There are 2 protein chains.
Amino acid sequence: MESKEILKQHVAKVATLSNDEFDYFFSHFQPESFKKGQVIISEGAEVKKEYFVLSGCLKSFFVNDDIKMYILQFSMPTWWASDYAALYSQTRATIAIDCISDAEVLSLSNENREKICHELHQAEHFFRWRTNKGYVASQKRLLSFMNNDAKTRYEELLAQYPALYNMVPKHLIASYLGVSRETLSRLYSSSK
Amino acid sequence: MESKEILKQHVAKVATLSNDEFDYFFSHFQPESFKKGQVIISEGAEVKKEYFVLSGCLKSFFVNDDIKMYILQFSMPTWWASDYAALYSQTRATIAIDCISDAEVLSLSNENREKICHELHQAEHFFRWRTNKGYVASQKRLLSFMNNDAKTRYEELLAQYPALYNMVPKHLIASYLGVSRETLSRLYSSSK
DNA sequence: GCGTCTAGGTGATGTAGATCACATTCTGAT
DNA sequence: ATCAGAATGTGATCTACATCACCTAGACGC
């Protein structure tokens, strides 16, 4: 399916746009391709865009002073990714994004998002919905972190994204779960 | 300051509404008062509204099968609270909300929110902004959970909300930090 | 006044998971 | 084909924090 059609179906789930309106909406996006390992947003950089994933897989992550990495999100097709804190408040990136595999995305600049949100009520509606979904997911993950041990979180993740297990190196899964790669290794040798 | 004025100033920070428009916006809210300890949303209940805090302090929390409580958010004046997962998808509450102190709030039903978002583009804009802010805060908290130990999180919390220390019982602060009350007690006997 | 209840402090002990150390693939570049 | 560097597994130790047990000080009713 063509990239325009993918985005169209994604948006149509919550917003009502005529074909002309969608064409206009779509004209604010820009297709971009990245190679496996390529960095899209690096820590400390200016953040100007957000990204809608068409194919491949991105990761959003934070690296602390001890060079330990924590993954906030794996972004699969039809997911969005950016450092939203930096993007909205025009500060430097604290969260980095790069490509786990080759990836096709549609990028949308901060100005263009605000422009189409201003011009099209339904665009604003769509982005409210999308952000709300992210908010709810983030809260759920926070709760899981507080409530569950590593093994439970691991099983939760596999139940939700069975594809990740084969697609993503194990040490990245560990970084997402917030455990060391050694602990993760012991977890699934014990559970299967 | 009158409740209407509090909300007006809060909304005006991001949305441009004429006086008439704001009056209309405001007419969808309902003032409510609660006593200390009173439950606003209980687990398993239907969630029909969200709440804008005018005075006092609410807590949003989750209780697991072992009766352990985890606090997601303390809601101070001009903050919003609800179980947004349940509110948006019309499912039963998994997150409960009650009052740490006597509280005055403005409640907004799910239907009324969607109604004014539909009728007033600027209302939609406001709620997009507010949800984005919550999303960013939630991500930040998630990162802090993954990256920092209990003591660091405790100091972070005090730095951000010095008022909480005297306003809120210590065991609730422990539930927010995700540590046992015993550990919290040892933390601040060691740090001050 | 007295009893009961909740908040809070503190010691002793148990445990999930981190860290360190080293071995074993696997992958990619030359 | 060869070599270097990633990715992974596994044992030994260490540590932050939970849990349990008990104690004290206020708060609130009767």
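Since we're looking at a predicted model, the values are computed, not measured. Chain identifiers are assigned alphabetically (A, B, ...) following the order of the sequence lines, protein sequences preceding nucleic acid strands; residue numbering begins at 1 within each chain.
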Next on the checklist: Is A:S185 close enough to D:dG9 that one of its side-chain N or O atoms is under 4.0 Å from OP1 or OP2 there?
Outcome noted: yes

Checklist entry - Can you find a side chain N or O atom of B:Y188 that sits less than 4.0 Å from OP1 or OP2 on C:dG9? => result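 Answer is yes, contact under 4.0 Å.
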
Can you measure [X] atom [atom1] to [N] atom [atom2] for me and round it to whole angstrom units?
X      : N      : atom1 : atom2 : result
B:I173 : C:dA7  : CD1   : P     : 13 Å
A:L172 : D:dA7  : CG    : P     : 7 Å
B:R181 : D:dC22 : CZ    : C1'   : 11 Å
A:K170 : C:dC26 : NZ    : C1'   : 13 Å
A:K151 : C:dT15 : NZ    : C1'   : 15 Å
A:M146 : D:dC17 : CE    : C1'   : 16 Å
B:D149 : D:dA18 : CG    : P     : 11 Å
B:F145 : C:dG17 : CZ    : P     : 14 Å

Checklist entry - Do the two ring centres, one from A:W129 and one from B:F127, sit under 6.0 Å apart? => result no

Item to check | Check: B:W79 ring centroid to B:Y51 ring centroid under 6.0 Å | outcome: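 No - the distance between ring centres of B:W79 and B:Y51 does not fall below the 6.0 Å cut-off.
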
Checklist entry - Mapping A:L184 and B:L184 onto DNA chain C by nearest heavy atom, which one lands closer to the 5' end? => result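 By nearest-heavy-atom nucleotide position, the 5'-most residue is B:L184.
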
Next on the checklist: Tell me which residues in residues 60-72 of chain A lie within less than 4.0 Å of DNA chain C, going by non-hydrogen atoms.
Outcome noted: A:K68

Checklist entry - Below 4.0 angstrom, N of the basic side chain to O of the carboxylate: do A:E114 and B:R128 qualify? => result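 Here A:E114 pairs with B:R128 in a salt bridge, since their nearest N and O are under 4.0 Å apart.
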
Checklist entry - Any ion pair linking A:R130 and A:E50 (charged N to carboxylate O, less than 4.0 Å)? => result yes

Let's see if you can work this out: which of [options] has an atom nearest to the side-chain heavy atoms of [X]?
X      : options                : result
B:V179 : C:dA18, C:dA7, D:dC17  : D:dC17
B:E182 : C:dA21, D:dA16, D:dA21 : D:dA21
A:S180 : C:dA12, C:dA18, D:dT8  : C:dA18
A:H171 : C:dA7, C:dG9, D:dA7    : D:dA7

Next on the checklist: Under 4.0 Å, heavy atoms only, any strand: does A:G37 hit a base, just the sugar-phosphate, or nothing?
Outcome noted: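 Nothing, no heavy atom under 4.0 Å.
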
Item to check | Stepwise ring-ring contact (aromatic ring centres under 6.0 Å, His included) test for A:F25 and A:F29 | outcome: CA-CA 8 Å; A:F25 179 83; A:F29 286 81; 5.4 Å; yes

Checklist entry - With sequence neighbours excluded, what pairs up with B:E46 under the side-chain contact (heavy atoms from CB on, under 4.5 Å) test? => result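 Partners of B:E46 by the side-chain contact (heavy atoms from CB on, under 4.5 Å) criterion, ordered by chain and then number, come out as B:K48, B:R92.
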
Next on the checklist: Using a distance-only criterion (donor-acceptor N/O pair, under 3.5 Å, no hydrogens), is the base of C:dG8 paired with the side chain of B:R186?
Outcome noted: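 Donor-acceptor pair under 3.5 Å: no.
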
Next on the checklist: Ring-plane angle category for A:H10 and A:F52, please: parallel below 30°, perpendicular beyond 60°, tilted otherwise.
Outcome noted: tilted

